[in-house]
Amino acid sequence: MTQGLINSLIRGGIQEVIMLIAPVLGLALIVGLIIAIFQATTSIQEQTLTFLPKLLVILLVLAFLGGTMFSHLGQYTINLFNQIPDLAK
């Protein structure tokens, strides 16, 4: 096992994590920004006002994209397991 192969495996894992979490974090960020602008314009400084909409958006994204995310992660895992015999050489 070479250093380049280890770096490639680590890079691939990090890319998978970023690709899977990007839609969830992106939409939560957008909702948080919209609520922050709303709070700034109305002078409402309630902490729970930001929590519930973000939570609902995250749950909705996971409900709609969860199957796709899970199948993508499963395929990545299968590819990793298929590489094991080549790595053992």
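One is the number of the first residue; the rest follow in order along the sequence. Not measured: the values here are computed from a predicted model.
- One hydrophobic cluster holds both Phe38 and Leu27 under the rule that ILVMFWY side chains link at heavy-atom gaps under 4.5 Å.
- Taking CG from Asn79 and CD1 from Ile84, the interatomic distance works out to 11.5 Å, rounded to the nearest 0.5 Å.
- The two residues Ile35 and Leu49 have their closest heavy-atom pair at CD1-O, 3.7 Å.
- Atom CD1 in Ile78 sits 10.0 Å away from atom CG in Leu73 (nearest 0.5 Å).
- In this structure, CD on Glu16 lies 8.5 Å from OG1 on Thr77, to the nearest 0.5 angstrom.
- A continuous path of Ile, Leu, Val, Met, Phe, Trp and Tyr side chains, each step under 4.5 Å between heavy atoms, connects Ile21 with Val31, placing both in one hydrophobic cluster.
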Test side-chain contact (heavy atoms from CB on, under 4.5 Å) applied to Leu62 and Met69, step by step: CA-CA 8 Å; Leu62 290 177; Met69 295 167 106; 4.2 Å; yes
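- Heavy atoms only, all atoms of each residue included: Leu9 and Gln83 are closest at CD2-OE1, 3.6 Å.
- Between atom CG of residue Leu20 and atom CG of residue Leu25 there is a gap of 11.0 Å, rounded to the nearest 0.5 Å.
- Minimum heavy-atom separation, Asn82 to Asp86: O-OD2, 4.5 Å.
- The backbone N or O of Ile37 sits less than 3.5 Å from a side-chain atom of Thr41, completing a donor-acceptor pair.
- Ile18 and Ile10 fall within a single hydrophobic cluster, where Ile, Leu, Val, Met, Phe, Trp and Tyr are joined by side-chain heavy atoms under 4.5 Å apart, directly or via other members.
- To the nearest 0.5 angstrom, Leu59 atom CG is 14.0 Å from Lys54 atom NZ.
- Counting all heavy atoms, side chain and backbone alike, Val57 lies closest to Ala28 at CG1-N, 4.4 Å.
- Smallest separation of non-hydrogen atoms from Gln39 and Gln45: O-NE2, 3.7 Å.
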